[in-house]
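Shown next, in structure tokens, is the structure this report addresses.
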Amino acid sequence: MIGARSLDAILFLALPLVVLYAMAADQPFTITLATKVAIFALAGTGLNIALGLGGLVSLGHAIFFGIGGYAMGILASHAQSYTPLLESPFLIEGTKSMPLIWLTAMSAGALAALLIGALSLRTSGVYFIMITLAFGQMFYYFAISWPAYGGEDGLPIYLRNSFPGLDTLDPAQFFALAFALLALALLFAARLAHAPFGLALSAARQSESRAIAAGLSPYRLRLAAFTLSGAITALAGALYADLNRFVSPAMLSWQTSGEIMIFVILGGVGRLFGPLAGAALYILMEQSLGQFTEFWQIPLGLVLLAVVLFARGGLIGLLARSEREGENG
Amino acid sequence: MSALLKLENVTAAYGRAEALFGVSLEIGAGETLALLGRNGMGKSTTIRVICRLLRESGGRVRFAGRDLAPLPPHRAARLGIGLVPEGRRVFATLTVRENLIAAARPGPWDQARVEALFPRLAERRDQRAATLSGGEQQMLAIGRALMTNPRLLILDEATEGLAPVVRAEIWAALSALRGESEMALLVVDKSLRELGRIASRAVILEKGRSVWSGPIGEITPALAHRHLGL
């Protein structure tokens with residue numbers, strides 16, 4: 001057993017070390033896998049703010065992941081076809097600039113989360129799970145029936161978007177971008193968890209009535225957390241679409257929502273580095289077991305079952321000495 | 001003295017089960033009022049109504065001249081009603097310091113002042129609340145309520161189930177509070193002797209009604225026996 005902080009540091013540094021090894025061994029595919037881990041961990045970090053800090057079991061986070069993906073796809077497709085996105089009442093053109101795409105993705109994700117949260121958060125427990133799932137299915141079927149942007153076939157983007165000073169087509173440089181954004185999101189989540197807002201959110205998760213008696217509004221706290229969570233998950237979606245240079249309704253499916261939740265649960269709900277551990281384990285299992293069987297998700301299901309039954313602190317809780325179970329940090 | 005909190009003939013029910021049949025009481029700014037009664041007579045229900053955790057079905061609740069009826073519970077707390085609930089309700093996974101700052105609002109009470117009132121909290125500042133003793137958890141619950149800088153602090157059975165030495169510490173802190181601030185106190189407790197040292201007036205509830213109110217020193221043994229079973 002090692003300390004949770006040491007384990008966090010090892011986990012965090014392992015990813016760039018894997019990339020450095022892959023660069024030396026000339027294995028670009030491994031770099032792509034590491035990038036995928038970073039992006040999934042970013043999506044999980046978003047969900048972890050709602051789930052880990054706020055106790056909100058959202059089965060609709062694929063909405064924000066997909067919105068981020070489509071924000072990238074729509075802006076990039078208009079840029080590559082030199083057609084404006086909107087001509088009237090004012091001109092909006094597409095863009096291949098990653099910072100602009102990220103900003104758009106996060107704004108759209110936050111807005112969607114704000115609207116969906118404003119309605120969903122009036123419910124709780126199983127009703128909240130069901131209403132977020134229902135919103136997810138609405139977005140999924142909307143994307144399927146939206147022929148302008150590929151409908152069911154999805155929307156391919158032929159060139160990766162650009163970032164000033166970087167060759168984003170180079171796998172290592174694209175990884176560096178994704179990893180830097182993950183690091184920023186983790187830093188933000190850590191600061192948030194220990195700021196009065198995060199503490200109040202955590203307090204409302206532990207006891208709604210006690211929080212209310214202290215003058216806190218659980219609804220507003222949760223809505224703010226859900227909005228932040230949506231923005232971060234949308235950023236991950238934009239990166240994921242850029243990694244694949246493709247966006248499709250699958251990004252909005254309930255299975256994607258389930259996968260993002262699996263990253264968080266596998267690593268440890270509420271643990272800052274839990275989504276990173278969960279995403280890494282998920283990709284490792286997919287790659288190692290996937291070579292032998294297309295049913296690799298059966299052993300994944302067993303692992304998930306074992307974590308839920310025997311290791312409530314997730315992978316990090318299992319490997320590390322307990323410092324502060326159930327808390328970000 | 002103008003009333004900070006005024007309950008006029010308040011009735012309330014849990015679903016169909018009526019719990020309050022007409023409670024009236026008044027607390028002035030800076031005053032300490034003891035709310036007395038045997039178990040099940042409506043003390044905690046009255047507190048829930050004041051904190052808006054339960055809506056009254058009749059009567060009126062006014063705080064600082066404002067009708068509380070339309071306010072959601074967290075807004076009532078923000079107006080300046082602080083509650084130390086029964087049963088040492090702290091946020092278990094947060095540290096002592098985090099419990100204090102989670103709901104803090106600007107005002108004369110800050111972490112340093114709370115720690116000066118309860119030095120034990122300063123010693124345990126970075127310890128998780130769940131690992132504190134019962135007495136320390138109660139000090140933390142009081143400290144957390146003080147950090148919201150209330151104009152009225154309500155203590156519901158704050159010393160129940162605590163060791164005598166810890167109870168003495170809590171009562172000493174409440175006496176200090178009364179002496180050094182303009183905050184009004186509404187205290188529910190079984191210890192009439194201790195209440196007599198900090199409260200100026202008392203209201204006795206029986207079967208959901210306020211049946212007696214007056215200076216706490218005027219509670220005669222016969223009255224205490226009849227209404228409080230003492």
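Per chain, numbering begins at 1; letters A, B, ... match sequence-line order. What's counted below: heavy atoms across the whole structure, side chains too, no hydrogens, waters or symmetry copies.
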Leading residue by heavy atom contact count with chain B [cutoff under 4.5 Å; candidates A:A200, A:P218, A:A213, A:A214]: A:A214
Close side-chain approach of B:H74 and A:L216, heavy atoms under 4.5 Å: no
B:R75, part contacting chain A, at a heavy-atom distance under 4.5 Å: neither
Part of B:A76 lying under 4.5 Å from any heavy atom of chain A: neither
Residues, nucleotides or ligands: over 12 heavy atoms within 6.0 Å of A:R191 CZ: no
Under 4.5 Å from any heavy atom of chain A - which part of B:L79: neither
Engaged part of B:R105 at the chain A interface, taking heavy atoms whose separation is under 4.5 Å: side chain
side-chain contact (heavy atoms from CB on, under 4.5 Å) between B:L83 and A:R210, intermediate numbers included: CA-CA 9 Å; B:L83 172 66; A:R210 243 169 281 168; over 6 Å; no
Heavy-atom contact with chain A under 4.5 Å, split by part of B:L53: side chain
Side chain proximity check, A:R205 to B:T93, heavy atoms < 4.5 angstrom: yes
CZ-OG distance between B:F91 and A:S207, expressed to the nearest 0.5 angstrom: 6.0 Å
Rounded distance [0.5 Å steps], NE2 in A:H194 versus CD1 in B:I101: 10.0 Å
Point-to-point distance, once rounded to the nearest 0.5 Å, from CZ of B:R78 to CD1 of A:I212: 12.0 Å
